[in-house]
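Below is one structure, written out as structure tokens, with a few remarks after it.
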Amino acid sequence: MTGGTGLFISFEGIDGSGKSTQARLLAEQLRGDGHEVVLTREPGGSPGAEEIRALVLQGDPDRWSAETELLLFTAARRDHLERTIQPALARGATVICDRFADSTRMYQGLSRGDLRAAVDALHERMIGVEPDLTILIDMDPAAALPRAKARATAEERFEDFGLPLQEKMRAGFLALAAEFPDRFRIIDGNRAPEAVARDVRAALQART
Ligand code: ADP
Ligand code: TYD
């Protein structure tokens, strides 16, 4: 599968770092500039993938092995790609995605043993697409976790694991940014939303 002509932007970072907020602000800004924007998220972003989201983020997480969980997240991504992302890119829309494959590299690749090789193999075989630009909202988990916790929802899969896991994820995301320097930009999330949004826009302008 190959990307179309539109620009594909992903937001990554630990729970509560402000990804959803920044993805929304960027979408609003680009729409205001007259662009067609598809704002979407993972897991989810298509009807089938939203069904899988409920399987992986609600209920007893221990009912899935680490490998089964990886397959479920990848199945959700494949459906999202087929039904939402590829058609949007093909018609020239900008796609802004709240989390994408880098989240799988981190959460399924690192949190329950080292499954990174399996994550990468499955990604290459079944997804094969990377964003043009990945904005990593970097943040101290001690500051981000209360933000994430303040949102009372039924979906608490990884933020439930607390600070040590979030510290590991933060370090892992920074290492991923070093691994893929061409598409990653790191932005300090521990500031007012407008200040973060200004840096997001600057990163996009530098890219295009
Ligand atoms: P994420 O998608 O990374 O989990 P959200 O964008 O949903 O993060 O933000 C988590 C919570 O923190 C929300 O209640 C949101 O309103 C708030 N928030 C987001 N960005 C900031 C910021 N820069 N400063 C303070 N609070 C923020
Ligand atoms: P999300 O709704 O983005 O949560 P938050 O707004 O708190 O960041 O994502 C839900 C959870 O799903 C989050 O804890 C990370 C996890 N996740 C994975 O484990 N693997 C994945 O591939 C993706 C996309 C998300």
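One-based numbering, in listed order, for ligands and for the atoms of each.
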Under 4.0 Å from ligand 2, counting heavy atoms only, is it the side chain of [X], its backbone, both or neither?
X: Ser17; answer: neither
X: Leu57; answer: side chain
X: Glu12; answer: neither
X: Met106; answer: neither

- Query: Should Thr104 be counted as touching ligand 2, given the test is an N or O pair under 3.5 Å?
  - Reply: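 Yes; at least one N/O pair falls below 3.5 Å.
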
- Task: May I ask you to check whether Ser20 has an N/O atom sitting below 3.5 Å from an N/O atom of ligand 2?
- Result: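 Looking only at distances, the answer is no, because the N/O contact criterion of under 3.5 Å is not met.
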
Per [atom], closest listed option by heavy atom ([options]):
atom: atom 3 (O) of ligand 2; options: Gln166, Arg99, Met169; value: Arg99
atom: atom 20 (N) of ligand 1; options: Arg147, Arg99, Glu12; value: Arg147
atom: atom 20 (N) of ligand 2; options: Glu42, Gln108, Arg147; value: Gln108

- Message: If you count every heavy atom of other residues, nucleotides or ligands that lies below 6.0 Å from Glu51 atom CD, does the total exceed 12?
- Response: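 Open.
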
Please list, in number order, the atoms of ligand 2 under 4.0 Å from a heavy atom of [X].
X: Arg53; value: 2 (O)
X: Arg77; value: 22 (O), 24 (C)
X: Lys19; value: 8 (O)

- Query: Counting from 1, what ligand 1 atoms have a heavy atom of Lys19 closer than 4.0 Å?
  - Reply: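 In order of number, 1 (P), 2 (O), 3 (O), 4 (O), 6 (O), 8 (O).
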
- Query: Touching ligand 1 at all, Arg191? Heavy atoms, strictly under 4.0 Å?
  - Reply: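 Per 4.0 Å heavy-atom rule, Arg191 contacts ligand 1.
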
- Query: Are Gly13 and ligand 1 in contact, using a heavy-atom cut-off of under 4.0 Å?
  - Reply: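 Distance cut 4.0 Å: Gly13 fails for ligand 1.
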
Closest heavy-atom pair and its distance - [X], [Y]:
X: Ala143; Y: Pro146; answer: O-CD, 3.5 Å
X: His80; Y: Gly44; answer: CG-O, 3.2 Å
X: Leu70; Y: Gln108; answer: CA-CG, 3.9 Å

- Task: Please examine the side chains of Ile135 and Leu26, heavy atoms only from C-beta on, and report whether any two atoms are closer than 4.5 Å.
- Result: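 When only atoms from C-beta onward are counted, Ile135 and Leu26 do not touch, as no gap falls below 4.5 Å.
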
- side chain to side chain contact (heavy atoms under 4.5 Å, CB included) partner of Thr104, the single match among Arg99, His123, Arg77: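 Of the listed residues Arg99, His123, Arg77, the side chain to side chain contact (heavy atoms under 4.5 Å, CB included) partner of Thr104 is Arg77.
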
- Message: Please determine whether side chain to side chain contact (heavy atoms under 4.5 Å, CB included) holds for the pair Asp138 and Phe173, giving the CA-CA distance in whole Å, both sets of side-chain angles, and the decisive distance to 0.1 Å.
- Response: CA-CA 8 Å; Asp138 178 52; Phe173 273 122; over 6 Å; no

- Query: If you measure from each non-hydrogen atom of Ala192 to ligand 1, which part falls under 4.0 Å: side chain, backbone, both or neither?
  - Reply: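 For Ala192, the contact with ligand 1 is made by the backbone alone.
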
- Query: Which is it for Gln22 and ligand 1 at heavy atoms under 4.0 Å: side chain, backbone, both or neither?
  - Reply: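 Contact part for Gln22 vs ligand 1: neither.
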
Can a salt bridge be assigned to the pair [X] and [Y] using a cut-off of 4.0 Å between side-chain N and carboxylate O?
X: Arg112; Y: Glu67; answer: no
X: Arg201; Y: Asp33; answer: no
X: Glu194; Y: Arg198; answer: no

- Backbone or side chain, does any N or O of Gly16 fall under 3.5 Å from an N or O of ligand 1?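 So ligand 1 has an N or O lying under 3.5 Å from an N or O of Gly16.
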
- For ligand 1, is there an N or O atom under 3.5 Å from any N or O atom of Asp98?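 No, no N or O pair falls under 3.5 Å.
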
